[in-house]
Structure formats: structure tokens, C-alpha cells
Amino acid sequence: MPVTAWKAMSTPAPDQRARAVARQRRITRVGLAVLTTVLFVAAISFRELEFITAALLTGVAGVALDVRQTKKLARTRAQP
């Protein structure tokens, strides 16, 4: 079996890669949302400003990460 045929067989299909990236994006989005919620609850229960700041920074970081992952997902889907 030629090396090129083996490589073609071992490369995942574009749909599988897109699904994997979408799953990773979903997991990251949920994780950051949970962390932000926990920090806001801590800010309310402990009445500390630092927790609100941390929650807002986590939210901003989550949006930035989601934008990067969305671009990666678009590139993955665009590849033949």
C-alpha cells in the first residue's frame, strides 16, 4: 500500500473534524459560563468586589475564546 493511500485513510473526514471542533467549543463555552456564574454567586454571597471583577474578566475571556474557536470551526468546515 503506498504511503499516500495510507495517509488518506488515516485522515479524518472534514465532517468529523468540524464536529470535534464544535464539541470542544461547546464544552469550553459551558465551562466558562459555569465559572462566571459561580464567581457572580460568590460575589453576591461574600459581598466582595473582587469576585465581580473576576467574573467579568472570565466572561470577556470566554467571548474572546469563543470567537477564536468559531474562526477555527469555519476554517475546518471550509477545507475540502
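- The side-chain contact (heavy atoms from CB on, under 4.5 Å) test applied to T70 returns R25, D66, not counting sequence neighbours.
- Among pairs with a residue in residues 18-37, none fulfils ring pair (Phe, Tyr, Trp, His ring centres under 6.0 Å), at least two apart in sequence or across chains.
- Cluster note: V34 groups with V30, V38 through ILVMFWY side-chain heavy atoms spaced under 4.5 Å, whether in direct contact or through intervening members.
- In this structure, T37 OG1 and L32 CG are separated by 10.5 Å, a value rounded to the nearest 0.5 Å.
- The structure places CZ of F46 at 11.0 Å from CG of L39, a figure rounded to the nearest 0.5 Å.
- Under the side-chain contact (heavy atoms from CB on, under 4.5 Å) criterion, R47 pairs with no residue at all, not counting sequence neighbours.
- Take R68 and apply the salt bridge (Lys or Arg N to Asp or Glu O under 4.0 Å) test, not counting sequence neighbours, and it matches no residue.
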Contacts under 3.5 angstrom, residues 50-60 side chains, donor-acceptor by atom type, not counting sequence neighbours:
unit_1: T53; atom_1: OG1; unit_2: L49; atom_2: O; d: 3.2
unit_1: T58; atom_1: OG1; unit_2: A54; atom_2: O; d: 2.7

